[in-house]
Amino acid sequence: MLRGSIVVWVLLLLGLALGQDTRVVNILDPSTAYNREVTRLLIWVSVFAALIFIVVTGALTYTVIKFRRRGNEQGEPPQFHGNDRLEIIWTVIPTVIIVIIFGLTAQSMIANARFPAGAMTVKVTGYQFWWDYEYEGLGIRTSNELILPVNKPVIVEMTSKDIIHSWWPASLVGKQDAIPGITTRLHFTPEKEGTYYGQCAELCGASHSRMRFRVIVVSQEQFDRFVEGAKGFQAPAATDPTLAKGQQLFNQQCAACHAVKGTANEANRVGPDLSYFGNRTTVGAGLWENTDTYLIPWIKNSPGVKPGSKMPPFPQLSDEDARAIAAYIKSLKIEGLDFEGLPQF
Ligand code: CUA
């Protein structure tokens, strides 16, 4: 136990030293009414736990010092059996504490069990190791980065296509398992524009820790632009030779698994939908910045940088080929969207 936690701390510090994205999921910085309930409950429970810790360790320390062996005392000290007053105290106090915590918990659970009326519904599907998003009633979908309008309630309906995952954007809402064959639900209302870090929170295989995502909360105007652009999305004509080559390679190597809206493969669901990949801020399911530095090695050998990734390596692709594919998928873009400079949560 102790050794385990030392290992975790050493790894965390190593990650910080190596400049990895070690953003810690922080539930003490709630950004929604849902999470304020959870945080309030957590603080109350922690206060009680701290009081119990102080009283118990205080009594223990007092006893050890007060009743220690002194000088040349010999034999056992006087023995006592039973003390009605003490027994009543240590039965009544914990009972009261448990009743209070039960009441606070029930209050938070009831508050968070109320689903808002008129909310937008997003269907989240977990796959090893990425996320698919479908906006109900809008006829659009995306993957890994969920775009939402600020101050609009959203209901998230979750399931999984393989094993159990858990979708957890820590500052927005509590975590919820995504289970094959079952639909689980959550709701929240984002209150601040920003990019919210999310993490799969259920051990799901070799790249569980690398199954991340983002929730990008934007103004209503930006969201409307996204919806409009996504609805009428057409892959732009590959004008220059690099893009044309990239498009051709993409159609040969990638399109069997990845959907691009407005092409023959728009229904493919083996891998993430890449329709507006040019708007994506991250690559590899929230792992790295969406730049060629990360994108090229990812295209050439995905399992080499993300163990367990279902995307096969493509040893036959040259750097130039991979660069052309990267250029092509980055050209798949809805114009007028700007996610740069959003605060990070
Ligand atoms: Cu998916 Cu852990």
Side-chain angles (χ1 to χ4, degrees), residues 4-5 7-9 11-12 14-15 20-27 34-35 38 121-135 141-148 154-188 195-216 257-259 268-274 277 280-290 294-295 298 301-313 344-345:
S5 51
V7 168
V8 167
W9 277 103
L11 286 176
L12 188 64
L14 254 179
Q20 294 258 351
D21 184 359
T22 44
R23 216 170 337 159
V24 177
V25 283
N26 185 2
I27 52 168
Y34 188 110
N35 263 16
V38 177
T121 298
V122 177
K123 294 181 168 173
V124 174
T125 308
Y127 293 81
Q128 281 172 317
F129 300 96
W130 60 278
W131 304 94
D132 178 76
Y133 304 123
E134 184 185 347
Y135 294 78
R141 61 196 313 138
T142 185
S143 48
N144 292 329
E145 292 184 0
L146 179 64
I147 297 162
L148 293 177
V154 57
I155 293 174
V156 180
E157 291 189 353
M158 271 170 253
T159 190
S160 164
K161 283 285 183 208
D162 37 50
I163 60 174
I164 301 177
H165 303 279
S166 183
W167 193 79
W168 191 32
S171 340
L172 291 172
V173 70
K175 63 183 177 180
Q176 171 71 64
D177 280 359
I179 305 168
I182 291 178
T183 301
T184 49
R185 300 168 88 226
L186 274 179
H187 69 88
F188 61 95
T195 302
Y196 294 79
Y197 178 85
Q199 171 71 53
C200 179
E202 180 63 50
L203 185 60
C204 58
S207 275
H208 155 67
S209 67
R210 300 177 195 87
M211 185 169 169
R212 303 178 192 174
F213 61 93
R214 297 286 187 278
V215 177
I216 300 179
C257 298
H258 292 286
N268 288 349
R269 292 283 169 266
V270 182
D273 189 309
L274 298 181
F277 184 80
R280 227 51 89 61
T281 64
T282 60
V283 60
L287 268 187
W288 305 286
E289 259 175 80
N290 186 4
Y294 301 104
L295 191 50
W298 175 255
N301 184 3
S302 154
V305 287
K306 183 169 174 175
S309 166
K310 299 264 164 74
M311 182 158 113
Q344 311 262 321
F345 296 100

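Read the numbers this way: they start at 1 and go in the same order the structure lists the ligands and their atoms.
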Name of whichever N/O/S atom of E202 is nearest to atom 2 (Cu) of ligand 1: O
Please report the shortest heavy-atom distance between N35 and A170, naming the atom on each side. ND2-O, 2.7 Å
So, are E145 and R214 salt-bridged, with charged N and O less than 4.0 Å apart? no
C200 backbone or side-chain N/O/S under 2.8 Å from atom 2 (Cu) of ligand 1: yes
Would you give the length of the straight line joining atom CD of Q128 to atom NZ of K310, rounded to the nearest 0.5 angstrom? 4.0 Å
On a heavy-atom basis, which atom in M211 and which in Y127 lie closest, and how many Å separate them? CE-O, 3.2 Å
Among the N, O or S atoms of H165, the one nearest atom 1 (Cu) of ligand 1: ND1
Would R212 and T282 count as a side chain to side chain donor-acceptor pair (under 3.5 Å) if you check the C-alpha gap in whole Å, the side-chain angles of each, and the deciding distance to 0.1 Å? CA-CA 10 Å; R212 303 178 192 174; T282 60; over 6 Å; no
Could you please compute the angle at atom 1 (Cu) of ligand 1 from SG of C204 to SD of M211, rounded to 10°? 110°
So that I can check it, does any N, O or S atom in H208 come closer than 2.8 Å to atom 1 (Cu) of ligand 1? no
